[in-house]
Amino acid sequence: MSVRLPSSPVSSSVSLPLTRRLAHLGDRWLPRLVLSPTVFASLLFVYGFIAFTAYLSLTESRLMPNYSFAGLEQYSALFDLDRWWVSAANLGIFGGLFILICLITGLLLAVFLDQKIRFEGALRAIYLYPMALSFIVTGAAWKWILNPGLGLEKMLHDWGYTQFSMDWLVDSDMAIYTVVIAGVWQSSGFVMALFLAGLRGVDDSIIKAAMVDGASLPVIYRKIVIPALRPVFFSVLLVLSHIAIKSFDLVMALTAGGPGTSSDVPAIFMYQFSFTRGQLGLGAASAMMMLMTVLAVLVPLIYLETKEAGRAR
């Protein structure tokens, strides 16, 4: 028969604070240990390579990296190239129209679905489906649709509408607009989903109060609902700006920058000069200019949103 001795109150009082301290240290450091590999990888493979590209843009690097400092020579050579300014102008056309049309189309689709219509789930899935495709697939599909000898123009000619012409894909003045069409088709559903989530988050009591006061539905959306979507507009502008500035696969699949260089964009310029023409320093300079463009869009938007959030508090 064994005798069970009572535990010492002194040992219990000592072990309890020790356990609490260990639990506190675990709660404090375990998340940091788990996240540290991701943080390290981001610092190395994102910010580290940005810094490396920035330094290459200040060197005489051509086919291989050359670490001798050359100042701003690559930027001077970049700004002297007409092709760079053509690609920058095309980015302005594509980015401006792409963002504007996606905003308008996505908002209108979201307002339409917000009316609690029948088959909303099916329509939402249809609108969102293009976003499931890669830009390569989208570009290839629209290249077939807009091809004068194979797609829409040929189909209408076969139906008897011989006067119809849709040769934008081979027209140097209109080729960049075919990229806008394909980009809007793919991204408008995503914008719609963001706006629809924002619309569903607006307080119904405010809308009902406005309806009691006699406000019509268009006035309610214009005066109450849409101004409440400011954070959604901020997110949509960031996402669309990022898509527009880094657009490479869509343009390559649809026009490959042609005819000639008429639909060239900075991402294609950077790729070709860095990896096919053996001018690594010049390509790095163009990549840094793309980064500056992203920051020129991102920083003012973040400042305005932070300022507005501070006023709301």
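Computed from heavy atoms alone, side chains included, the values below leave out hydrogens, waters and symmetry copies. The structure displayed is predicted, hence computed values, not measured ones.
In this structure, Phe275 and Tyr271 have tilted ring planes: the angle between them lies in the 30° to 60° band. The aromatic rings of Tyr67 and Tyr55 lie parallel to each other, their planes meeting at an angle below 30°, with 60° marking the opposite boundary.
Checked by atom type and distance alone, the side chain of Gln186 never pairs as donor or acceptor with a backbone atom of Ala182 at under 3.5 Å. A donor-acceptor distance shorter than 3.5 angstrom exists from the side chain of Asn90 to the backbone of Ser262, with no hydrogens or angles considered. Side-chain N or O atoms of Gln279 include none that pairs as donor or acceptor with a backbone N or O of Phe273 at under 3.5 Å. Proximity of a side-chain donor or acceptor of Trp144 to a complementary backbone N or O of Gly151 within less than 3.5 Å is not detected. Glu60 places no side-chain N or O within donor-acceptor distance of the main-chain N or O of Ser68, the cut-off being under 3.5 Å. The backbone N or O of Val265 lies less than 3.5 Å from no partner atom in the side chain of Ser87, so there is not a single donor-acceptor pair. Panel note: side chain Ser241, backbone Leu238; no donor-acceptor pair is recorded below 3.5 Å. Between the side chain of Gln74 and the main chain of Thr59, a donor-acceptor pair closer than 3.5 Å is present. Under the 3.5 Å distance criterion, the side-chain polar atoms of Ser76 are left unmatched by any main-chain donor or acceptor of Leu72. At least one donor-acceptor pair under 3.5 Å links the side chain of Thr293 to the backbone N or O of Met289.
The shortest distance between side-chain heavy atoms of Tyr127 and Phe112 falls below 4.5 Å. A 4.5 Å side-chain heavy-atom check between Ile243 and Phe98 finds at least one atom pair inside the cut-off. Using a 4.5 Å heavy-atom threshold, the side chains of Phe195 and Leu103 count as touching. With contacts defined as side-chain heavy-atom distances shorter than 4.5 Å, the pair Leu152/Phe164 qualifies. The shortest side-chain heavy-atom distance between Leu128 and Met192 falls under the 4.5 Å cut-off. Annotation: side chain of Trp142 is in contact with side chain of Ile145 (closest heavy-atom distance under 4.5 Å). Two residues are said to be in side-chain contact when any heavy atoms from C-beta on lie closer than 4.5 Å; Pro65 and Leu56 meet this criterion. Under the 4.5 Å side-chain criterion, counting only non-hydrogen atoms from C-beta, Asn66 is not in contact with Leu280.
Closest of all the heavy-atom pairs between Gly95 and Ala244 is CA-CB, 3.9 Å. Listed here is the closest heavy atom pair of Ser274 and Ala284: OG-N, 4.1 Å. Pairing each heavy atom of Lys143 with each of Leu254, the nearest pair is N-CD1, 3.4 Å. Annotation for Leu97 and Tyr177: closest pair CD1-CE2, 3.5 Å, computed over non-hydrogen atoms. Closest of all the heavy-atom pairs between Pro148 and Glu153 is CB-OE1, 3.6 Å. In terms of heavy-atom proximity, Leu240 sits nearest to Cys102 at CD1-CB, 3.7 Å.
In summary, the side chains of Ser57 and Tyr75 do present a donor paired with an acceptor at a separation below 3.5 Å, with no hydrogens or angles considered.
The side-chain contact (heavy atoms from CB on, under 4.5 Å) with Trp185 is formed by just one residue from the set Val180, Thr138, Ile101; it is Thr138.
Atom CZ of Phe69 is surrounded by more than 12 heavy atoms from other residues, nucleotides or ligands within 6.0 Å. With a 6.0 Å radius and a threshold of 12 heavy atoms from other residues, nucleotides or ligands, Phe79 has its CZ atom above the threshold. Other residues, nucleotides and ligands place more than 12 heavy atoms under 6.0 Å from the CD atom of Gln115.
Stacking of Arg230 on the aromatic ring of Phe233 is not recorded, the 6.0 Å distance cut-off and the 45° axial limit not both being met.
A continuous path of ILVMFWY side-chain contacts below 4.5 Å connects Tyr47 to Leu58, so both sit in one hydrophobic cluster.
Note that CG of Leu196 and CG of Leu109 are 10.0 Å apart. Values are rounded to the nearest 0.5 Å. Interatomic distance, Met166 CE to Asp171 CG, rounded to the nearest 0.5 Å: 10.5 Å. With rounding to the nearest 0.5 angstrom, the CE atom of Met174 is 12.5 Å from the OG atom of Ser263. With values rounded to the nearest 0.5 angstrom, Leu107 atom CG is found 11.5 Å from Ser188 atom OG.
Residue pairs meeting the salt bridge (charged side-chain N to carboxylate O under 4.0 Å, His left out) criterion with at least one partner in residues 62-88, sequence neighbours excluded, are Arg83-Asp264.
Listed by chain and residue number, Asp158 satisfy the salt bridge (charged side-chain N to carboxylate O under 4.0 Å, His left out) test with Lys154 (two or more places apart in sequence, or in another chain).
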